[in-house]
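Everything numeric in this text was worked out from a predicted model, so none of it was measured. Letters go in sequence order (proteins before strands), and every chain restarts at 1. Atom set for the values below is all heavy atoms of this structure, side chains included, hydrogens, waters and symmetry mates excluded.
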Amino acid sequence: MNASPPLRVRFAPSPTGHLHIGGARTALFNWLEARHQGGSFILRIEDTDAERSTAESIQAILESLRWLGLDWDEGPYLQTQRRAFYDEAAQRLLAAGKAYRCYCSKEELEAMREAAKARGEKPRYDGRCRARSAPVPGVPPVVRFKTEAAGDTVVHDLILGEVRFNNAELDDLVIQRSDGTPTYNFAVVVDDATMGITHVIRGNDHLNNTPRQIQLYQGLGYPVPRFAHAPLILGTDKARLSKRHGATSVLAYRDLGYFPQALVNYLARLGWSHGDQEVFSLQDLIRLFSIQDVGKTASAFNPEKLLWLNGLYLRQTSMEELAREVARRLPAHGVILNGSAAEATKLRQAAAALRERSKTLEEMTTAATIYFLDEVSYDAKAERKFLVPETVGILEEVAAHVERLDELSEATLTPIFNGICEERGVKMVAIAQPVRVALTGSTVSPGIYEVMQMLGREAVLRRLRRAAALVGGRSSVQ
RNA sequence: GUCCCCAUCGUCUAGUCCGGCCCAGGACACCGGCCUUUCACGCCGGCGACGGGGGUUCAAAUCCCCCUGGGGACGCCA
């Protein structure tokens, strides 16, 4: 029998941009803890900043969470629609003398901060309006919370342990703006309390807000939830993750051809681990994850490891699904599909041939275009090395053999290539490479028989002859 | 500047709570080799870390202190 109430956690992003890697991991940790404990995962949109919040951002966030598979049990709640809760709470604090109106101007506040800095202190509000009796005409006031001046506020953190703050460091924070909207620290507390949130799991950048939030809970007479502050994710250079670190938005990874499961797996391992295990299914994570096992150290985002993991997932994906994904992405690469049966076969062959040598769906699609486009363009280096007078004979000979074939397959092609090797006394590589370049334009491709099979007799002949003609034309000019 | 958090290979981490089993294990990346028609996959091997200094102890990556370094927070942003 467990006496504690069911766990309720929430993810509360602000809709001021895309969901990024860091936010996604916070969401994941919350979600995993909820699923592990059999609790509820609640989604709340913190849109109190009218200036920067957008409907597009909300959509992007919902889409990102859905794509990752992080389903929520309640919400999305919008803070802009919960105004009554904040107004009531602010009134209550005002009435109890725990909050007061402040008429200070921007300039005044700025001067205060400068003065504090000059004294070598943390810039903060000095509380002068606590004593101001009369309103200042024409100045709409903000409401400030009277922070406890003496003693310490202690945060009992599930990840960090006990963190102690000297109350003298805290100033009287604004809880209601002059336009009547609530500020972040206030809205979070009111929401978390009224929504019955039992565990606040968030990024370490919120640790410093926690003591003042605890005081708000106490001032409002709410029970204080449990806190867990996860270390931040940094860029490759250990600096705060930002746009200059390349792709940071979740949707960008989707578009780049990553699997949601790979991203989830990677994100889970950033700050959390289970012995030496690297690969986790969603079921594994739900079973093994515990917020208390999250480490304290900030971690650098490592795109290479994500890529490696994605390759692992890609290789486990069925050929049918890969073919579908490639077909979906091909048009963006200039390939027009006709939906024929032959095309479907080719798509499956491409998936089979490219699966072992691709790490993302985009990479795979790019590699596949060559089998669907009419023309090949040669890689300059490859052309210079392999489309030369010495290899023309090989290209022509292969073409001559292919012409007599009804069907291209490993079974029909092997004897032809072996025969040419024997008759010329050369190794397979001497034949395969020129043919490969003639057919794909590159020195890198799937097995040459696979390539020929995918391309089909006509395309193979066309490409071999075009390459041979090209070399011939070039040498006659010389 | 002030406050808060953190500190094991280049990176993610195991080990740290309950000191000896750790002259520190795994993974990514990197470098070699094998496989091989190229590339990749796979397999084998290599390189590579307890930030520094003081303690405590028979014994410290593990406990304590200082320093240094990194990060975060100091808004009518969240």
Subject >> Integer angstrom distance from the P of B:C23 to that of B:A60 >> reply: 11 Å
Subject >> Donor-acceptor pair present, A:Glu278 side chain and B:G26 base, under 3.5 Å >> reply: yes
Original post:
Taking the side chain as C-beta and beyond, is there a heavy-atom pair between A:Tyr100 and A:Pro141 under 4.5 Å?
Top reply: no
What pairs of nitrogen or oxygen atoms, one from the protein and one from nucleotides 73-75 of chain B, lie under 3.5 Å apart?
unit_1 : atom_1 : unit_2   : atom_2 : d
B:A73  : OP1    : A:Arg240 : NH1    : 3.3
B:A73  : O4'    : A:Asn208 : ND2    : 3.2
B:C74  : O2'    : A:Pro123 : O      : 2.9
B:G75  : OP2    : A:Arg113 : NE     : 2.8

**OP:** Considering only NZ, NE, NH1 and NH2 on the basic side and carboxylate oxygens on the acidic side, decide whether A:Arg329 and A:Glu325 come within less than 4.0 Å.
**Re:** yes
Original post:
Can the positive tip of A:Arg83 be found less than 6.0 Å from the middle of the six-membered ring of A:Tyr86, inside 45° of the ring normal?
Top reply: no
**OP:** Mind checking side-chain hydrogen bond (donor to acceptor under 3.5 Å, both in side chains) for A:Gln213 and listing every partner two or more places apart, or none if nothing turns up?
**Re:** A:Arg202
**OP:** Flag the pair A:Glu88 and A:Arg92 as a salt bridge only when some basic side-chain nitrogen lies within less than 4.0 angstrom of an acidic carboxylate oxygen.
**Re:** yes
Subject >> Separation between the C1' atoms of B:U11 and B:G33, rounded to whole Å >> reply: 25 Å
**OP:** Would you indicate, yes or no, if B:A14 has its OP1 or OP2 atom less than 4.0 angstrom from a side-chain nitrogen or oxygen of A:Ser273?
**Re:** yes
Subject >> Span that lies between the P atom of B:C9 and that of B:G53, in whole angstrom >> reply: 16 Å
Subject >> Counter-base of B:G19, judged by Watson-Crick or G-U geometry with both distances under 3.5 Å >> reply: none
Subject >> Same-atom distance (P) from B:G70 to B:G51, integer angstrom >> reply: 15 Å
Original post:
Are the side chains of A:Phe372 and A:Leu455 in touch, meaning some heavy atoms are under 4.5 Å apart?
Top reply: no
**OP:** State whether A:Arg357 and A:Glu363 are salt-bridged, where the test is any N-O pair (Lys NZ or Arg NE/NH1/NH2 against Asp/Glu carboxylate O) under 4.0 Å.
**Re:** no
Original post:
A:Arg25 has an atom CZ; how far is it from atom C1' of B:U13, in whole Å?
Top reply: 13 Å
**OP:** Determine which nucleotide pairs with B:G42, using a 3.5 Å limit on both distances of a Watson-Crick or G-U wobble pair.
**Re:** B:C34
Subject >> Minimum-distance nucleotide (side-chain atoms of A:Leu160 versus B:C5, B:C12, B:A78) >> reply: B:C5
Original post:
Does any nucleotide pair with B:C50 by Watson-Crick or G-U wobble geometry, both distances under 3.5 Å, and what is it?
Top reply: none
Subject >> Separation of the C1' atoms in B:U62 and B:A49, to the nearest angstrom >> reply: 15 Å
Subject >> Nearest to side-chain heavy atoms of A:Val142, which nucleotide of B:G72, B:C76, B:C6 >> reply: B:C76
Original post:
Atom CG of A:Leu173 to atom P of B:A78: distance rounded to whole Å?
Top reply: 12 Å
Original post:
Can a donor-acceptor pair be found between the side chains of A:Tyr313 and A:Asn265 at a distance below 3.5 Å?
Top reply: yes
Original post:
With the sugar-phosphate defined as primed atoms, P, OP1 and OP2, and the base as all remaining atoms, what B/S/- string results for nucleotides 28-47 of chain B, 5' to 3', for protein heavy atoms under 4.0 Å?
Top reply: B--------BBBSSS-----
Original post:
Taking the C1' atom of each, how far is B:G75 from B:C28, in whole Å?
Top reply: 40 Å
Between protein and nucleotides 20-25 of chain B, what N or O pairs are separated by less than 3.5 Å?
unit_1 : atom_1 : unit_2   : atom_2 : d
B:G25  : N2     : A:Asp276 : OD1    : 2.9

Subject >> Interatomic distance where CG belongs to A:Asp192 and P belongs to B:A78 [whole Å] >> reply: 15 Å
Original post:
What pairs meet the ring-ring contact (aromatic ring centres under 6.0 Å, His included) rule with one or both residues in residues 136-168 of chain A, with sequence neighbours excluded?
Top reply: none
Original post:
Quick one: are the ring centres of A:Trp31 and A:Phe11 less than 6.0 Å apart?
Top reply: no
**OP:** Mind checking A:Ser178 for me? I need base, sugar-phosphate or nothing, with any heavy atom below 4.0 Å counting as a touch.
**Re:** base
Subject >> salt bridge (Lys or Arg N to Asp or Glu O under 4.0 Å), paired with A:Asp172, selected from A:Lys98, A:Arg130, A:Arg212, A:Arg124 >> reply: A:Arg130
**OP:** Mind checking A:Glu46 for me? I need base, sugar-phosphate or nothing, with any heavy atom below 4.0 Å counting as a touch.
**Re:** sugar-phosphate
**OP:** Just call it for A:Thr48: base, sugar-phosphate, or nothing, with non-hydrogen atoms closer than 4.0 Å on any strand.
**Re:** sugar-phosphate
Subject >> Nearest-angstrom distance, P atom, B:U56 to B:C50 >> reply: 24 Å
Subject >> Which residue lies more 5' along RNA chain B, comparing A:Phe165 with A:Pro182 via nearest heavy atoms >> reply: A:Phe165
Original post:
Now, which nucleotide makes the Watson-Crick or G-U wobble pair with B:C3, with each of the two distances under 3.5 Å?
Top reply: B:G72
Subject >> Distance, P atom - from B:A78 to B:C17, rounded to whole angstrom >> reply: 42 Å
**OP:** May I ask you to say what A:Gly271 touches in the nucleic acid, namely base, sugar-phosphate or nothing, with a heavy-atom cut-off under 4.0 Å?
**Re:** sugar-phosphate
Original post:
Does the separation of the ring centres of A:Tyr449 and A:Phe417 fall below 6.0 angstrom?
Top reply: yes
Original post:
Between B:C3 atom P and A:Lys117 atom NZ, what is the distance in whole Å?
Top reply: 15 Å
**OP:** Take atom CD1 of A:Ile233 and atom P of B:G72, then tell me their distance rounded to the nearest Å.
**Re:** 13 Å
Original post:
Residues in side-chain hydrogen bond (donor to acceptor under 3.5 Å, both in side chains) with A:Ser249, at least two apart?
Top reply: none
Original post:
Rounding to a whole Å, what distance do you find between A:Phe145:CZ and B:C76:P?
Top reply: 16 Å
**OP:** Mind calculating the distance between NE2 (A:His274) and C1' (B:G26) to the nearest angstrom?
**Re:** 13 Å
Original post:
When you check the phosphate oxygens OP1 and OP2 of B:A78, does a side-chain N or O of A:Thr183 lie under 4.0 Å from one of them?
Top reply: no
Subject >> Ion pair check, A:Glu383 and A:Lys385, cut-off under 4.0 Å >> reply: no
Subject >> Separation of atom CD1 in A:Ile159 from atom P in B:U16, rounded to whole Å >> reply: 18 Å
